[in-house]
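Below is one structure, written out as structure tokens; comments come after it.
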There are 2 protein chains.
Amino acid sequence: MAFFKGKELYSMDSKGRVNIPAKMRKSVSPEANDTFTVTRGLDGCIEAYPLDTWRIKEEHFEKLNQYNAQNRFFLRKILMWSEEVTLDSQWRVMLPKKLLEFAGIDGKVVIAGVGDHIEFWEPEKYEEYMAGTEETYEDIAAKVMYVG
Amino acid sequence: MAFFKGKELYSMDSKGRVNIPAKMRKSVSPEANDTFTVTRGLDGCIEAYPLDTWRIKEEHFEKLNQYNAQNRFFLRKILMWSEEVTLDSQWRVMLPKKLLEFAGIDGKVVIAGVGDHIEFWEPEKYEEYMAGTEETYEDIAAKVMYVG
DNA sequence: GTAAAAGTGGGTAAAAGTGGGTAAAGATGT
DNA sequence: ACATCTTTACCCACTTTTACCCACTTTTAC
């Protein structure tokens, strides 16, 4: 399974194409078939999952009972933002307009690898988010990384 | 099995034809034979199932004991709304009048992929439905997207 | 220093979305 | 059963968007 890391500042061209950084390409397995599912991410970003990783989520969704009103609502809410995109020969993707609008991405993009997926951020929003806590990196690391 | 996702705003022409978005076409298997079964959906929408998926539902219906009053009622109720539609050469379907009337669809249509089926919504009704919760996207994603 | 790879940009043909004309098929009334 | 009206299927046409190809500049690797 792919594991993405790193953070880059790239640019989106006039046609809405964004390059996937070479470092991250190498984490994508051939099973992904040059395809990502992009969807609305958390905290205002766009998330992209390689096809093979997304399939696991789909299997999870398929098991939900749609005759339960809450499940139905959740599914609709999640899937309305999800779309498949394929890479062109230069390893670029065309991000859907509604997602670009949601994320406020326009010219420059921060591309970040976050484990099982890649995130696209509007650069300022990214900085704000990263600045948005009083806790130090050390404090947070202590909480998250602690292995009892 | 097909897995539909994505949400698009399309228009229905004066003849009542609605295009199936290209992204969703790709999820349809050849076994569906360019045919969908459309039926009354939940929460005021119209649902369309590819033929091969609908067959599975039919098998389920066949197993129901018709001498049980509740089963009988359910069967009559769902089947009265169900109808097969075939795609024309431009991948459009003609939705039955009674379903359009039921869903209040007139000019513009929201087309949403929800796993095993496609949904058609009157745009305003769709927005209302989607707005109907206090929970944030992040809350919902936490419940649904997390795959342990 | 040089060659290869990575990042960026643009032209063009194909596909997608939308609309309409017309003839066949089906329904309706006498 | 027939004429009439309505509905549907099958064309064709136009505009916008997308996919594919080629090209150039910058960075990286050896």
Side-chain angles (χ1 to χ4, degrees), chain A residues 4-28 32-38 46 48 51 82-101 105-113 118-121 123, chain B residues 4-28 30 32-38 46 48 51 82-101 105-113 118-123:
Chain A
F4 299 103
K5 53 186 178 294
K7 175 228 162 187
E8 307 285 340
L9 180 63
Y10 271 41
S11 51
M12 183 175 72
D13 69 21
S14 56
K15 288 183 178 178
R17 295 176 299 191
V18 180
N19 208 320
I20 303 294
K23 293 269 171 64
M24 297 182 195
R25 292 175 206 176
K26 285 166 189 154
S27 304
V28 180
N33 211 249
D34 288 357
T35 307
F36 285 81
T37 294
V38 293
I46 301 173
L51 193 59
S82 307
E83 200 166 307
E84 278 183 20
V85 295
T86 58
L87 301 164
D88 70 11
S89 52
Q90 270 84 249
W91 276 81
R92 291 177 294 198
V93 291
M94 275 203 56
L95 297 175
K97 279 220 180 70
K98 65 181 176 210
L99 284 173
L100 290 173
E101 205 172 297
I105 292 169
D106 180 17
K108 291 284 171 187
V109 205
V110 167
I111 309 180
I118 295 173
E119 293 183 352
F120 301 91
W121 290 78
Chain B
F4 299 103
K5 55 183 174 290
K7 173 225 162 190
E8 307 286 340
L9 181 63
Y10 271 41
S11 49
M12 185 175 71
D13 68 22
S14 55
K15 290 181 178 179
R17 295 176 299 190
V18 179
N19 208 320
I20 303 294
K23 290 271 168 64
M24 298 183 194
R25 292 175 205 174
K26 286 169 188 152
S27 304
V28 180
N33 211 250
D34 290 357
T35 308
F36 285 81
T37 295
V38 292
I46 300 174
L51 194 57
S82 306
E83 200 165 308
E84 279 185 19
V85 294
T86 58
L87 300 164
D88 72 10
S89 53
Q90 268 88 251
W91 276 81
R92 292 177 294 198
V93 291
M94 277 204 56
L95 298 174
K97 278 224 177 68
K98 65 183 176 199
L99 284 173
L100 289 174
E101 206 172 298
I105 292 170
D106 179 18
K108 291 283 171 187
V109 204
V110 167
I111 309 179
I118 295 173
E119 294 182 351
F120 301 90
W121 290 77
E122 192 283 317

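For the numbers below, each heavy atom of this structure counts, side chains included, while hydrogens, waters and symmetry mates do not. The model shown is predicted, which means the values in this text are computed figures rather than measured ones. Within every chain, numbering begins at 1; the chains are lettered A, B, ... in the order of the sequence lines, protein sequences first and strands thereafter.
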task: Give one of base, sugar-phosphate or nothing for S11(A), where a contact means two heavy atoms less than 4.0 Å apart.
output: sugar-phosphate
field: Given dA19(D), dT8(C), dG19(C), the nucleotide with the shortest approach to the side chain of D13(B)
entry: dG19(C)
- prompt: K98(A) versus K7(B): any side-chain heavy-atom pair under 4.5 Å?
  reply: yes
- prompt: For the pair made of CD in Q90(A) and C1' in dA23(D), what is the distance, rounded to whole Å?
  reply: 10 Å
message: From the set dA16(C), dC11(D), dT18(D), return the single nucleotide nearest to any side-chain atom of R25(B).
response: dA16(C)
statement: Atom CG of D34(A) and atom C1' of dA19(D) are separated, to the nearest Å, by 14 Å
field: Side-chain heavy atoms of V38(B) within contact of M94(B), under 4.5 Å
entry: no
- request: Could you state the atom-to-atom distance from CG of L95(A) to P of dA19(D) in whole Å?
  value: 12 Å
- request: Give a yes or no answer on whether the side chain of D13(A) reaches the backbone of K15(A) with a donor-acceptor pair at less than 3.5 Å.
  value: yes
message: So, OP1 or OP2 of dC20(D): does either fall under 4.0 Å of a side-chain N or O from S89(A)?
response: no
statement: Whichever of S14(A) and K23(B) has the more 5' nearest nucleotide on DNA chain C, that residue is S14(A)
task: Would you check if the side chain of K5(B) reaches a backbone N or O of T37(A) as a donor-acceptor pair within less than 3.5 Å?
output: no
message: Both distances below 3.5 Å, Watson-Crick or wobble geometry, any strand: find the nucleotide opposite dG26(C).
response: dC5(D)
Complement of dC12(D), any strand, by Watson-Crick or G-U distances under 3.5 angstrom: dG19(C)
task: To the nearest Å, give me how far apart CG (D88(B)) and C1' (dT8(D)) are.
output: 11 Å
message: Both distances below 3.5 Å, Watson-Crick or wobble geometry, any strand: find the nucleotide opposite dC30(D).
response: dG1(C)
statement: Among dC10(D), dG9(C), dA16(C), the one nearest any side-chain atom of R17(B) is dC10(D)
field: Length of the line joining K98(B):NZ and dT7(D):P, which is rounded to integer Å
entry: 15 Å
message: If you only use heavy atoms from C-beta on, which nucleotide in dG10(C), dA6(C), dA16(C) is closest to the side chain of A22(B)?
response: dA16(C)
- request: Would you mind reading off the distance between L9(A) atom CG and dA6(C) atom C1', rounded to a whole angstrom?
  value: 15 Å
Qualifying residue, where the test is side chain to side chain contact (heavy atoms under 4.5 Å, CB included) with V93(A) and the options are V85(A), D34(A), D88(A): V85(A)
- prompt: W91(B) CH2 to dC10(D) C1': how many Å, rounded?
  reply: 17 Å
- request: Round to the nearest Å and state the distance from I20(A) atom CD1 to dA6(C) atom P.
  value: 14 Å
- prompt: With respect to the side chain of K15(A), which nucleotide from dA16(C), dA9(D), dC20(D) is positioned closest?
  reply: dC20(D)
- request: From the options dG9(C), dT12(C), dT18(C), select the nucleotide whose nearest atom is closest to the side chain of N19(B).
  value: dT18(C)
